[in-house]
Amino acid sequence: MTAAISCKGTGKIWAIGTRRAHEAIATIDLDVAPGEFVVLLGPSGCGKSTLLYLAAGLEEATSGEITSFGQPIAGPGPDRSLIFQETSLFPWLTIGQNVTFGLSLGGADAEKRLKVAEDVLSKVGLRAAIDKRPDELSGGMRQRVAVARALAMEPKVLLMDEPFAALDVQTRAKMQDFLLDVWRDSGASVLFVTHHIDEAVALADRVAVFTSRPGRIKEIVPIDMPRPRDPFSPEGHALRQHLTDILSAEVDRAFAEQEALV
Amino acid sequence: MAATDTAVGGVQPPPSALTELWQRMAPKIGWTIVSVGLFALIWEFLWLIGWADPKLLPPPHIFMGDIAAQAKNFNTAQRWQIGAGATDAPSPEMAVVITILSTTYRVILGLFLAAIVSITVGVAVRYWKLFENLTLPTITLLAPVSPIAWLPVAIFLFGIGDAPAIFMVFIALFFTMTLATITQIDSVNKNYINVARTMGASKQQIYTRVILPAILPGLLVVLRLNLFGAWMVVLIAEATGVGYGLGQVIMLARNTFNPGLVFFTIVLIGCTGFLFDYGLRMLQTRILYWVPKGQGSLG
């Protein structure tokens with residue numbers, strides 16, 4: 001079976017060929033199976049998001065290759081949807097217009113757009129908000145709309161860049177449950193970036209732990225716990241402990257590097 | 001919501017939209033009257049104790065006292081035009097209205113043209129690199145030139161009438177607004193563009209569907225800030241003899257040594273400018289329905 005996203009020796013150097021050049025990620029080897037939920041976990045600034053941008057086709061890799069279902073990723077495509085940390089809904093459009101923005105670019109007619117809008121908004125429980133504007137919704141609701149907008153494109157891969165980082169703890173837990181439901185229904189693969197260990201353990205099939213700059217995959221930790229997961233189970237506790245140990249070594253190293261630069 | 005707080009116990013009918021508007025606006029209007037009144041009162045007091053010479057600084061009750069007499073100075077007759085009788089002229093009051101309207105018309109048309117052209121040029125600069133290379137250096141060089149320096153050019157090109165005044169407003173706004181458009185485009189939230197790209201938007205679609213709506217709020221603020229500049233240059237253009245207008249009346253008052261007329265005209269300019277800004281603000285909330293109140297609207 002071809003992987004939904006496959007990285008082979010993938011690397012990215014920003015501003016390559018200039019004096020400001022710096023290596024964000026190096027020699028990433030990672031396969032995301034169709035329908036799999038993979039979390040990229042690592043310290044801030046370790047290049048997790050860079051890998052996501054490469055997968056989305058918004059940036060090009062400077063070494064190695066990255067493919068989606070066997071095809072090299074040459075640019076953005078509707079089968080790979082990216083969801084950002086900040087709400088990136090267009091404030092000048094209604095919720096319904098926001099979720100069908102991609103369809104309207106392709107020239108879909110009003111009837112089809114309304115049908116899709118109602119459909120995906122129902123999936124995220126916001127059918128009633130179709131005519132509202134983004135500033136009338138709470139942060140959690142806006143992120144649900146962003147997920148609905150991604151779903152409207154019927155993506156095979158959902159790329160999520162710390163989508164719940166700006167939310168409070170309670171909302172975040174709710175959103176994680178919600179995301180797992182959506183993921184199960186849609187059958188899409190998810191590549192999810194976070195620096196929260198708890199979030200990684202709650203969501204992932206596998207957690208890829210990143211080293212600090214340049215980002216490399218230090219270890220891939222499978223989370224073999226049945227869902228719904230109990231965060232307080234001994235198993236979950238052991239996994240969190242393990243991830244904390246790997247991660248803190250990296251954070252220490254990142255700090256030492258930064259101090260050496262000063 | 002203040003209205004519901006006052007309803008103690010009983011059920012009170014919801015206040016009408018007009019009442020609500022009045023409750024919101026009343027303190028603002030009240031303080032405006034107090035502020036202007038205080039200013040006038042100090043002036044009158046200085047006149048009373050003899051510090052303000054009524055020949056040079058006539059107090060408000062003198063220059064606003066006889067509007068009909070002041071209005072006689074507003075002459076918009078066009079007797080020289082073919083077909084107009086020697087005695088044809090609007091009444092003095094009508095002439096005041098015509099004068100205000102013709103100045104306002106020049107400002108509006110100049111603003112409108114400047115907004116359209118500078119947004120077009122600004123977007124084109126970012127859309128086509130070649131266009132940027134060809135035009136941006138010139139625009140950047142000309143931007144700091146005071147619009148007053150363009151006045152002779154306006155007269156050379158357009159003679160007298162509305163056109164040179166409109167040209168002056170246009171020139172005063174064009175360079176700043178073009179550069180502002182470019183700055184606004186550069187500061188559009190990258191996530192908006194990335195979202196559009198991941199959904200398969202073409203470059204043209206990104207510009208028309210994302211960048212244009214995203215830069216509009218900032219541009220309207222720039223437009224409003226430059227409104228005062230537009231009023232300034234239109235008065236100067238009119239003062240140099242482009243026909244009748246508020247600036248022409250000021251120049252007339254200067255030449256005939258009539259301070260009362262100067263202050264009378266200043267009051268007219270002030271009121272018109274205020275109403276104009278108010279109108280633009282209303283327009284702003286209309287066009288930019290999505291921008292929350294008090295954000296990007298300068299109140």
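Just so it is clear, the model here is predicted, and its values are computed rather than measured. Throughout, a chain's letter reflects where its sequence line sits, starting with A, and its residues are numbered from 1.
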Passes side chain to side chain contact (heavy atoms under 4.5 Å, CB included), Ile139(B) versus Val121(B)? Steps please. CA-CA 10 Å; Ile139(B) 292 172; Val121(B) 172; 3.8 Å; yes
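Using a 4.5 Å cut-off between heavy atoms, Leu93(A) does not touch chain B at all.
When the shell of 6.0 Å around NZ of Lys129(B) is examined, it contains 12 or fewer heavy atoms from other residues, nucleotides or ligands.
The greatest number of non-hydrogen atom pairs below 4.5 Å with chain A, out of Asn189(B), Asn191(B), Val210(B), is found for Asn191(B). When the candidates Ala150(A), Ser104(A), Pro134(A) are compared by the number of heavy-atom contacts under 4.5 Å with chain B, Ser104(A) comes out ahead.
Phe167(B) and Phe158(B) have tilted rings, their planes meeting at an angle from 30° to 60° on a 0 to 90° scale.
For the residue pair Arg126(B)/Thr181(B), the side-chain donor-acceptor check at 3.5 Å is not satisfied.
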